[in-house]
Amino acid sequence: MSPVRSTLGKRFFVETWGCQMNELDSQRMTGQLMQEGFLPTKEASEADVILLNSCSVREKAEHKVFSRLGEYRLLKMDKPDLVIGLCGCVAQQVGQAALDRIPELDFVLGPARTGELHEIIDRRRNGERVVATGFPKNRVFDIDTISRDGQYKGMVTIVEGCDKKCTFCIVPSTRGPEFSRSKDEILNEVRHLRDFGFKEIELLGQTVNHWKDPATGEDFAVLLDAVATIPGIERLRFITSYPRDFTAEMVRQFAMHQNICPYLHLPVQSGSDRVLKRMGRGYTIEVYKKLTAELRMARPGIALSTDIIVGFPGETATDFRKTLSLLEEIQFSSIYAFKYSPRPGTAALHLSDECDPSVADERLQTLFRLQEGIQRRINQSLVGTTHQLVVTGWGREPGTQIGRTPCHRVVHFPVKDQHVSLGDLTSVRIEHANTHSLMGSPA
Ligand code: 5AD
């Protein structure tokens, strides 16, 4: 007779905010819970375990965590055995204070301890309220505990943490010091994902191109070459690159390997050297522009996207105009722009000349308006061209699906005879352009 598992019929719910690293950490936690015998649910109210995988890169995201936990704690009134865990970057940041503030919270699990979830659930069963934070040397990157269900691309962490000292950024304190995985371990995981059927692989790191093999010192250009030459890797992406760490040899990989997608997310943060200096970014706009020009030479048609912070302390109208000029000059395929948000423990807190919030709001709107025009023009120029998509899911309109071009553009298209499976490739002709997406028909 097989033993009856205590998790029989029990369900879990994971809510994820933030970056791709958090998404992958959620896949890692999902896998561990499934190995324990829990089943997933899309309804928090049905769950026996709720995990909130949080982001603290801006203040708003951090506030949302506590209002969300306030909703989840109410569920405990009807279900006293419900287990609620705070995970991710806010967990690392607040630690024990979260347990003190919310009596219904069962544990706090920082991002570097994600692989220990199953142990923490066990300890919870024994009545302990665990705080698992900090950055252990022997982090667990067990590929067998990652649940890839419902994913169209296979994500692989290659480097964790960050040693940069950008004055606005909380990440070094929430994700800890930089730590690269070995080349062999990474290649092994990529092959495993290929065998699993993934057409698209995405390498992850807060500063992905700063990866170095811990034993040999080989750099990210070597790794890109090694991954791109694995037979059967149809598409390779990586995120997020740090401009200062992008070498000529890395640029050359774009020319050498057509399966490296012609898309690069390259956060610039500001178009003004003065602001970049106050941000501690360690490059100038001239260097950034030179790099983008080299990338475009190596791979004509490459799409570039970026991150911008507006209203950084001391940002003048002239500085901001330089950011607008940069957008006009580079013609990014998309941007992620944010109002500066002061974060605990960061050096920018001590900078003078705070920007008036209403001025920052206005600048953000101006930036978005300019970018919308740029994107509309770029997208319009794609009408009539044909692209191969990786299918990422179903559209909101019945009978439609969504995919991404190699340049990472979103395309909606109608199902022809039979739908295309998640993660598979299909070709479409672009029929119509919107600002943030394209409409295509099967080619
Ligand atoms: N305020 C606003 N935006 C921030 N980012 C990081 N820290 C802050 C902050 N304190 C933005 C940067 C980064 C992106 C992930 O989030 O643009 O590239």
Side-chain angles (χ1 to χ4, degrees), residues 19 57-58 60-61 166 168-169 239-243 246 262-279 281 283-296 299-341 348 353-383 385 404-405 407-412 430 432-439:
C19 62
V57 78
R58 282 168 295 275
K60 221 193 225 163
C166 303
F168 53 82
C169 191
I239 196 162
T240 298
S241 295
Y242 196 84
F246 219 99
Y263 166 77
L264 188 67
H265 184 61
L266 201 59
V268 68
Q269 311 298 357
S270 168
S272 155
D273 286 342
R274 208 179 65 85
V275 175
L276 289 178
K277 197 156 189 201
R278 285 165 72 89
M279 289 176 164
R281 294 288 286 177
Y283 54 84
T284 60
I285 287 302
E286 196 190 327
V287 167
Y288 185 89
K289 288 203 287 204
K290 188 162 166 277
L291 173 58
T292 58
E294 285 165 1
L295 285 160
R296 284 187 162 140
R299 185 66 80 81
I302 191 170
L304 302 171
S305 65
T306 202
D307 290 344
I308 305 273
I309 296 176
V310 300
F312 190 71
E315 184 189 70
T316 62
T318 309
D319 293 321
F320 178 61
R321 270 199 301 277
K322 289 184 177 168
T323 301
L324 297 177
S325 305
L326 185 76
L327 259 53
E328 295 203 69
E329 187 172 339
I330 304 275
Q331 299 278 300
F332 291 105
S333 63
S334 63
I335 62 164
Y336 301 85
F338 316 97
K339 235 172 36 160
Y340 168 68
S341 162
D353 300 327
E354 222 172 273
C355 184
D356 184 323
S358 64
V359 171
D361 272 330
E362 215 180 287
R363 287 181 186 167
L364 193 61
Q365 294 318 314
T366 307
L367 196 76
F368 283 139
R369 266 198 308 277
L370 172 68
Q371 180 61 18
E372 276 179 17
I374 292 171
Q375 271 174 230
R376 226 176 302 124
R377 280 193 298 280
I378 297 177
N379 286 352
Q380 195 59 45
S381 74
L382 296 169
V383 172
T385 57
R404 290 226 181 222
T405 67
C407 288
H408 211 47
R409 295 191 168 93
V410 175
V411 185
H412 297 250
I430 306 303
H432 179 78
N434 299 322
T435 309
H436 298 288
S437 66
L438 301 160
M439 319 295 277

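Looking at Glu315, its side chain never comes within 3.5 Å of a backbone N or O of Ala360 through a donor-acceptor pair. A donor-acceptor distance shorter than 3.5 angstrom exists from the side chain of Thr306 to the backbone of Leu266, with no hydrogens or angles considered. Looking only at distances, no side-chain donor or acceptor of Asp361 sits under 3.5 Å from a matching main-chain atom of Ser358. Between the side chain of Asp273 and the backbone N or O of Ile285 there is at least one donor-acceptor pair closer than 3.5 Å. The closest donor-acceptor contact from the side chain of Ser437 to the backbone of Asn434 lies at 3.5 Å or more, if one exists at all. When atom types are taken as modelled, the side chain of Arg363 and the backbone of Gly311 share no donor-acceptor pair closer than 3.5 angstrom.
Between Tyr283 and Tyr242, the ring planes lie perpendicular to each other; the angle is over 60°, past the 30° to 60° tilted range.
Other residues, nucleotides and ligands place more than 12 heavy atoms under 6.0 Å from the CD atom of Gln331. Environment of CD in Glu362: sparse, with no more than 12 heavy atoms of neighbouring residues, nucleotides or ligands closer than 6.0 Å.
Salt bridge absent: Glu286 and Lys290 never bring a charged side-chain N and a carboxylate O closer than 4.0 Å.
Across all non-hydrogen atoms, the minimal contact from Leu327 to Leu370 is CB-CD2, 3.9 Å. Ser272 approaches Thr323 most closely through the heavy-atom pair N-OG1, 4.4 Å.
A cation-pi arrangement is not found for Arg278 relative to Phe312, the charged atom failing to lie both closer than 6.0 Å to the ring centre and inside a 45° cone about the ring normal.
When each of Pro267, Ser333, Cys407 is checked for a side-chain contact (heavy atoms from CB on, under 4.5 Å) with Ser305, only Ser333 meets the rule.
Phe168 has its side chain within reach of Gln269: a pair of non-hydrogen atoms, C-beta onward, lies under 4.5 Å apart.
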